[in-house]
Structures are given as structure tokens and as C-alpha cells.
Q: 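Sending over a structure as C-alpha cells; questions will come in a sec.
The basis for the numbers below is simple: all heavy atoms, side chains too, and nothing from hydrogens, waters or symmetry mates. In what follows, every chain begins at residue 1, and chains take the letters A, B, ... in the order their sequences are listed.
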Protein chains: 2
Amino acid sequence: MRDDPKNWFAESVDVLTYNRNQRVWSIIVTIFGDLAQRPGDRISGAVLSRLTEPMGIKPEAMRVALHRLRGDGWIRSEREGRTSHYSLTDSGLAQSQAASPRIYQRVIDYPQTWQLSIAPPTRQGGKGARDKAMRRKGVLPVVPGVFLAPAQADTVPDSLTMTGDVNNVPDWLRDKIAPQAVMQSYEDLDAALERFAVMCEDMPSLGPLEVATLRTIVVHVWRKALFSHADLPPSFFPEGWKGVACRTKVMDALERLGQPHLKVLEGAV
Amino acid sequence: MRDDPKNWFAESVDVLTYNRNQRVWSIIVTIFGDLAQRPGDRISGAVLSRLTEPMGIKPEAMRVALHRLRGDGWIRSEREGRTSHYSLTDSGLAQSQAASPRIYQRVIDYPQTWQLSIAPPTRQGGKGARDKAMRRKGVLPVVPGVFLAPAQADTVPDSLTMTGDVNNVPDWLRDKIAPQAVMQSYEDLDAALERFAVMCEDMPSLGPLEVATLRTIVVHVWRKALFSHADLPPSFFPEGWKGVACRTKVMDALERLGQPHLKVLEGAV
């Protein structure tokens with residue numbers, strides 16, 4: 001079976017899409033972040049279709065997702081004859097670039113100095129909204145209204161702020177940073193990446209579109225795991241967290257696959 | 001009037017006991033802390049009575065308070081003939097000595113480095129008890145379960161702890177550290193100490209018991225103000241806090257009065 005490139009590719013897609021809960025708009029965000037993050041980069045509708053087809057994404061679902069992302073100001077489209085070309089807006093580009101180090105760096109250089117900030121007392125309702133807004137920035141509410149972030153990070157106005165060293169990370173906080181569901185999602189990711197790594201030992205010669213599809217899936221499942229928790233160094237996580245192992249396997253997989261150029265992809269459809 | 005030492009003394013007592021809410025046991029704690037803080041120091045019942053009489057404290061109230069402090073393990077008593085002698089227990093001595101720097105130092109050398117600790121999440125009831133226990137140690141709950149203390153301070157077990165610099169003390173926290181009632185008590189104390197300082201310019205020659213009574217009252221009203229709030233440096237207090245001014249006036253008054261020796265006091269009754 002492994003001698004047939006088509007089978008190898010299909011099996012790889014199958015191994016890496018173990019996580020069936022894919023949102024199409026989020027996969028498009030992954031594709032642009034991975035392939036079209038320089039100003040001026042554009043991807044045609046045809047390439048987008050070819051990249052997502054092997055994941056079982058239907059053209060109609062793709063159209064809906066592109067429409068949504070345009071409405072959100074993440075991408076723009078230009079029509080040339082019968083073909084649409086999509087690119088990140090300035091805002092989409094900025095957000096994509098901001099997320100990239102966390103996704104693509106083999107080793108993350110976490111700050112030594114942290115900030116704890118205590119937001120002003122407020123009604124219970126206001127507290128929830130504040131915590132939610134901070135979570136969206138990747139900051140963990142240690143308890144309601146109390147935020148742990150790298151030093152110099154923005155926080156809720158009028159907070160008590162302190163910068164320094166974290167001396168003790170208790171187990172209850174580790175479990176809050178990565179609850180059982182997060183720990184399990186890393187276990188699953190690690191297992192899938194391990195299977196894919198073994199398969200890569202017999203990787204056949206792949207076309208650029210196949211490479212791009214596999215890259216997309218790897219980065220997408222990785223992004224999904226990463227952004228399910230706060231951006232904190234490994235020392236804050238429960239024992240047994242597979243985050244560091246997964247990071248290494250993701251970087252190995254991406255290196256092994258290589259990165260096809262946009263022009264090559266457009267020429268291949 | 002000021003030419004008569006008796007009048008001067010009575011007026012001084014009057015000026016300094018502006019705060020009528022005196023607890024007798026607490027005044028005895030002040031007396032031992034001020035006069036009998038070395039191991040082996042003893043004060044007779046007769047001296048205790050003479051020192052507290054001018055404050056309007058009745059012998060019966062004194063007996064009740066001494067009984068309570070003995071029951072609490074703060075003081076012990078020894079009977080010699082018809083006279084009782086009282087001294088601090090080891091525990092009373094240790095607690096008295098621990099409180100002394102905050103009461104008696106002209107300049108307090110506050111740490112530059114602070115600790116913020118976040119106690120584990122708990123039911124609402126447990127939170128209140130924890131906060132109360134920390135308050136008793138002079139530590140402020142910034143919000144429930146969140147404590148600001150000098151670095152290296154003990155805190156609730158299993159807390160997230162961070163040591164470093166406090167960057168921003170917001171107004172809501174200043175007002176929590178010293179609410180309006182605390183600010184007002186310092187205003188009142190400052191005014192009384194100011195009046196006493198003016199009177200001290202015409203201080204007549206006083207007997208050792210009178211000196212000790214005045215010292216007791218000064219230290220007592222000062223202790224009462226000090227221990228109504230957390231032990232934090234002036235930079236954490238609201239603008240206009242009279243704590244530093246009061247400290248200077250207290251130290252000036254105690255220096256002006258001088259400290260009578262226990263033997264001299266015992267010889268004077």
C-alpha cells in the first residue's frame with residue numbers, strides 16, 4: 001500500500017485528521033497563515049478548493065467560510081476573469097503574524113519575568129466579561145480578576161500590578177491551565193504525530209498541493225491544541241503534558257514536508 | 001494653669017485620651033510592651049493601678065483584664081506577701097517584641113520586594129476565614145484570597161506566589177488599605193499629638209509614674225491607629241495619610257518624656 005503515493009497521502013490525511021471537529025473558516029485561517037503571510041500574497045479559489053478537498057470539505061462549505069471571513073475583515077477577494085483571488089487584509093495579516101511565533105518556533109523563549117495583576121473589585125457580571133476579554137488575549141485568569149501574563153503585558157486599567165518571579169505554581173493552577181480535556185487533546189495529537197512521523201520514513205514523492213494539504217492539517221491540529229490554553233511556559237503545566245513533545249514533532253513534520261511556493265501551487269491546479 | 005504640674009498632667013491626659021474607646025486589657029499590653037519587655041521584668045499590681053488610675057480605669061476593671069490576660073497566656077503573676085507581681089510569659093514576650101519595631105522605630109525600613117500570593121479557590125465561607133487569619137497577621141487581602149506581603153512572608157499553603165516589585169497601587173487599593181475611618185483616626189491622632197507637642201514646650205517636672213502614664217497613653221493611641229491597618233509602606237496609602245507625621249510626633253513625645261526605670265516606678269508607689 002505504501003508504494004502507492006495516493007494511498008500514502010490518503011492514509012496520512014486520515015491519521016492527521018483524527019480530530020473531526022474542523023471548522024472550515026479556521027482551516028482557511030491556517031492556510032493563509034502558513035502559505036500567504038507576506039503582504040501581496042494571494043491564493044486563488046481553485047487552490048483553496050484543491051487543498052481542502054482531501055479533508056472532505058465541500059465547495060459550498062468553502063464558499064460560506066470565505067464569505068464569513070470577508071465579512072469579518074480577515075480576508076479580501078479580487079476577481080480576475082472567472083477566478084477569485086483571496087488575500088489577508090492588513091488586520092488579518094497583523095493577527096496572523098502575531099500568532100506565528102507561538103505556532104512556528106521550535107523553541108519558545110519565554111520571559112523570566114511575569115506580571116500578576118489584580119483588577120479592581122467589580123460586580124460578578126463585570127468580572128466574567130473581563131476574564132473573557134483577557135482569555136481572548138491568551139491570558140489566564142488565575143482566579144476571577146487576577147491575571148498572570150508576561151511582564152509589560154497590558155492588563156485591565158486601574159489594576160494592582162506586580163512584576164517579578166513566579167515562585168510556586170500549585171497543582172490546582174496547573175490543572176486550571178491545562179484541564180483533563182486539554183491534556184487528552186495533546187495525548188491524541190502526540191499519538192497522531194508519532195504515527196505520521198513513522199509514515200514519513202516511507203514518504204513517497206508528493207505533489208506541491210499534497211504537501212500543502214498535509215502542512216495545513218498538521219498546523220491546524222497544532223493550532224487547535226495550542227490555542228485551547230493560555231500561552232505559558234512548560235513549567236506551568238501539569239506533569240505529563242505533551243506540549244513540548246508535540247512542538248518538536250510538528251516542527252520535524254513541517255521540515256520534512258517542506259514549504260511549497262504559492263506560484264508553484266497556482267501552477268499545479 | 002500650666003504652672004501647676006497637676007493641672008498640666010491632667011490636661012495632657014485629657015488631650016491624649018481623646019479616643020475614649022479604651023480596652024483595659026489592651027492598655028495593660030501597652031504597658032508591658034513599653035516598660036517590661038526584657039526577660040525577668042515584673043510590674044507590681046500597685047504600679048499598674050497607679051499608672052491606669054489617671055485614665056479613669058477602675059480597680060475592678062483592672063482585675064478583670066489581668067485575669068483575662070493570664071487566661072490567654074499573655075502574662076503570669078507571682079504573689080509576694082500582700083503584693084502581686086506580673087510579667088509577660090515567653091509567648092507574651094515574643095509577641096510583644098515582634099510588634100515593637102513597628103511601634104517604636106522612627107523610620108521603618110520597608111522591604112523593596114513584595115509577595116503577591118493567590119490562595120487556592122475555595123468555597124465562599126472558607127475564603128472569609130482565610131482572609132481573617134491573614135488580616136490578623138497584618139496582611140491585607142487585596143481581594144478575597146489574594147494577599148500582598150513582604151517577600152518571604154508565610155502565606156496560605158498551596159498558593160500561587162510571586163515576588164517582585166509593585167508597579168502600580170491603584171486608588172481603590174489605597175482606599176482599602178486605609179478607608180475613611182482609618183484616615184480620620186490618623187487626623188485625630190495627629191491633632192492630639194500636635195496639641196501635646198505644644199504643651200510639652202511648658203512641661204513641668206513630672207514624677208516617674210506620671211511620665212509612665214503619659215507614655216502609656218501615647219503608645220496606646222499610636223498602637224491603636226497602627227494596628228487598624230496592614231503593615232505597608234507610606235507609598236501604599238491614600239494621599240493625605242497622616243501616618244508618617246504621627247510617627248515622628250510619637251517618637252518626639254516619647255523622647256521628650258524619657259523612659260522611667262521599673263525600679264524607680266516601684267519605689268514611687
Q: Please look at A/S159 and chain B and tell me whether the side chain, the backbone, both or neither of the residue comes under 4.5 angstrom of a heavy atom of that chain.
A: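 When you check distances to chain B, only backbone atoms of A/S159 fall under 4.5 Å.
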Q: Evaluate the side-chain proximity of A/R247 to A/I108: yes if any heavy-atom separation is below 4.5 Å, no if none is.
A: yes
Q: Quick check: B/F236 with B/H229 (ring centres under 6.0 Å apart)?
A: no
Q: Between B/A119, B/G145, B/S117, which residue shows the highest count of heavy-atom pairs closer than 4.5 Å to chain A?
A: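 Winner by heavy-atom pair count: B/A119.
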Q: In terms of heavy-atom pairs under 4.5 Å with chain B, which of A/L116, A/T163, A/V166 leads?
A: A/T163
Q: So, does B/K176 use its side chain to make a donor-acceptor pair with the main chain of B/V142 at under 3.5 Å?
A: yes
Q: Please classify the contact of A/I118 with chain B as side chain, backbone, both or neither, using a heavy-atom distance under 4.5 Å.
A: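 Backbone plus side chain of A/I118, per the 4.5 Å heavy-atom cut-off to chain B.
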Q: Classify the side-chain pair A/Q37/A/S96 by whether it contains a donor and acceptor separated by less than 3.5 Å.
A: yes
